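Note that the numbering runs from 1 along the sequence shown for the chain. Just so it is clear, the model here is predicted, and its values are computed rather than measured.
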Amino acid sequence: MRNLSDCRLYGILDLSYVAAANVERVAAAMIEGDVDLIQLRAKSSVAEIVDLAARLHKLTSAARIPLIVNDYAEVATQVPVEGVHVGQDDDLIAHARKKAGRQLLIGKSTHSLEQTVAAEREGADYIGFGPVFATPTKPDYHPIGLTGIKRVHHEVGIPIFCIGGIKIDNLGEVIAAGAKRVAIVSGLLKAEDVAKYARGCKALLNPEA
């Protein structure tokens, strides 16, 4: 399985953009494009998410790519996913670990420097930091912009994935502002060729590769 420290491109498989019947096809394209981490994000019943996660994990585990489930830590008791992601209004990290019933990665969404520092102190393994730009995925959140990216990397020692409105067209700006890792949602999922789009993003994130 890929080490979190080596991961640069985080693909979010959001069922607001992808039909449940197509999750394997889109995940396979992400894997072909060398996405490092995949998150399943769905507002469905736990039973439906367990089914989706089980289907996806067959693909991701074969490719040695960690599969993260958004919000529902209890899914980890039924499917051997590698992690869970929680938001500011979701379970505390300790509670999510208890619900998962085993050791696994836990990431946390943050929207300010103060929240990132608090998430690291709380025991997060990685942080999502954003939204960097306005995004339809999180319409209620005011974009934090590029200026805080460098500082948050100085203040926090765990991996930080910048997220929110990031697309291949603005990824260069985000990297120039200090980002080392990004999570992409709609830009990736709405791409005509998901694998090609992911490879293009990965080339910008790993220019020496």
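Applying the ring-ring contact (aromatic ring centres under 6.0 Å, His included) test to residues at least two apart or on different chains, the pairs with a partner in residues 146-177 are Y10-F161, Y126-F161. Sequence neighbours left out, the pairs with a member in residues 44-59 that pass salt bridge (charged side-chain N to carboxylate O under 4.0 Å, His left out) are E24-R55, D51-R55. Within the structure, salt bridge (charged side-chain N to carboxylate O under 4.0 Å, His left out) pairs that include any residue of residues 100-114 comprise K108-E122 (at least two apart or interchain).
Hydrophobic cluster of L92: no remaining members, since no ILVMFWY side chain lies below 4.5 Å from it.
Listed for the Q88 side chain is a donor-acceptor partner under 3.5 Å among the backbone atoms of S109. Of the possible polar contacts, one joining the N170 side chain to the G165 backbone as a donor-acceptor pair under 3.5 Å is found. Judged by distance alone, with hydrogens and angles left aside, the side-chain atoms of Q115 form a donor-acceptor pair with the main-chain N or O of H111 at under 3.5 Å. Of the possible donor and acceptor atoms, none in the side chain of R181 sits under 3.5 Å from a partner among the backbone N and O of L9.
Residues satisfying the salt bridge (charged side-chain N to carboxylate O under 4.0 Å, His left out) test with E173, not counting sequence neighbours, are none. Considering only residues two or more places apart in sequence or on other chains, K180 meets the salt bridge (charged side-chain N to carboxylate O under 4.0 Å, His left out) condition with none of them. E82 meets the side chain to side chain contact (heavy atoms under 4.5 Å, CB included) test with M1, H57, P66, L67; sequence neighbours excluded. Evaluation of the salt bridge (charged side-chain N to carboxylate O under 4.0 Å, His left out) rule for D36 yields R2, K202 as partners, not counting sequence neighbours. By the side chain to side chain contact (heavy atoms under 4.5 Å, CB included) test, A177 pairs with L146, I149, sequence neighbours left out. Taking the side chain to side chain contact (heavy atoms under 4.5 Å, CB included) definition, one finds that L204 meets it with I168, L171, I175, sequence neighbours left out. For the salt bridge (charged side-chain N to carboxylate O under 4.0 Å, His left out) test, residues two or more places apart in sequence or in another chain that qualify with R97 are D125. Residues meeting the side chain to side chain contact (heavy atoms under 4.5 Å, CB included) test with A20, sequence neighbours left out: L15, L52.
At least one side-chain heavy atom of M30 sits less than 4.5 Å from a side-chain heavy atom of L189. Residues L113 and F129 have side chains not in contact (no heavy-atom distance under 4.5 Å, counting atoms from C-beta outward). Two residues are said to be in side-chain contact when any heavy atoms from C-beta on lie closer than 4.5 Å; V84 and L105 fail this criterion. Looking only at side-chain heavy atoms (C-beta outward), I38 and L40 stay at 4.5 Å or farther from each other. With a 4.5 Å cut-off on side-chain heavy atoms, I184 and K167 do not count as touching. Residues V50 and V46 form a side-chain contact, since some pair of their non-hydrogen atoms from C-beta on lies under 4.5 Å apart.
Taking 4.0 Å as the cut-off between side-chain N and carboxylate O, K98 and D91 do not count as a salt-bridged pair. Residues D34 and R199 are not paired through a salt bridge, judged by the lack of any N-O separation under 4.0 Å between the basic side chain and the carboxylate.
One finds the CD1 atom of I68 at 9.0 Å from the CD1 atom of I12 (value rounded to the nearest 0.5 Å). Once rounded to the nearest 0.5 Å, the distance linking CD of Q78 with CD1 of I49 reads 11.0 Å. Rounding to the nearest 0.5 angstrom, the gap separating the CD1 atom in I106 from the NE2 atom in H85 is 10.5 Å. Remark: L188 CG to C201 SG distance equals 7.0 Å, nearest 0.5 Å. With values rounded to the nearest 0.5 angstrom, K190 atom NZ is found 10.5 Å from Y197 atom OH. Taken to the nearest 0.5 Å, the CG atom of L13 stands 6.0 Å off from the CG atom of L56.
Contact between L59 and A28 at its shortest, heavy atoms only, is CD1-N, 4.4 Å. Scanning both residues, A179 and C162, for their nearest heavy atoms gives CB-SG, 3.8 Å. Shortest non-hydrogen contact noted between L37 and V35 is O-CG1, 2.9 Å. The minimum heavy-atom distance between T77 and K99, with the atom names listed, is CG2-O, 3.2 Å. Across A176 and K150, no two heavy atoms sit closer than the pair O-NZ, 4.5 Å. Taking both residues in full, the closest heavy atoms of A100 and A76 are given as CB-CB, 3.9 Å, listed atom of the first, atom of the second, then distance.
I93 and Y72 fall into different hydrophobic clusters, where Ile, Leu, Val, Met, Phe, Trp and Tyr side chains are chained together by heavy-atom contacts under 4.5 Å. A continuous path of ILVMFWY side-chain contacts below 4.5 Å connects I31 to Y17, so both sit in one hydrophobic cluster. Under a hydrophobic clustering in which Ile, Leu, Val, Met, Phe, Trp and Tyr are joined whenever their side-chain heavy atoms come within less than 4.5 Å, directly or via other members, I127 and F133 fall into the same cluster.
Side-chain atoms of N3 and S5 form no donor-acceptor pair, as typed in the model, at a separation below 3.5 Å.
Around CG of D6, the count of heavy atoms belonging to other residues, nucleotides or ligands within 6.0 Å exceeds 12.
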Under the side-chain contact (heavy atoms from CB on, under 4.5 Å) criterion, do R8 and N206 qualify, and how do the steps go? CA-CA 8 Å; R8 296 289 178 268; N206 289 336; 3.5 Å; yes
Would I163 and V132 satisfy side-chain contact (heavy atoms from CB on, under 4.5 Å), going step by step from the backbone distance to the final call? CA-CA 6 Å; I163 187 169; V132 176; over 6 Å; no
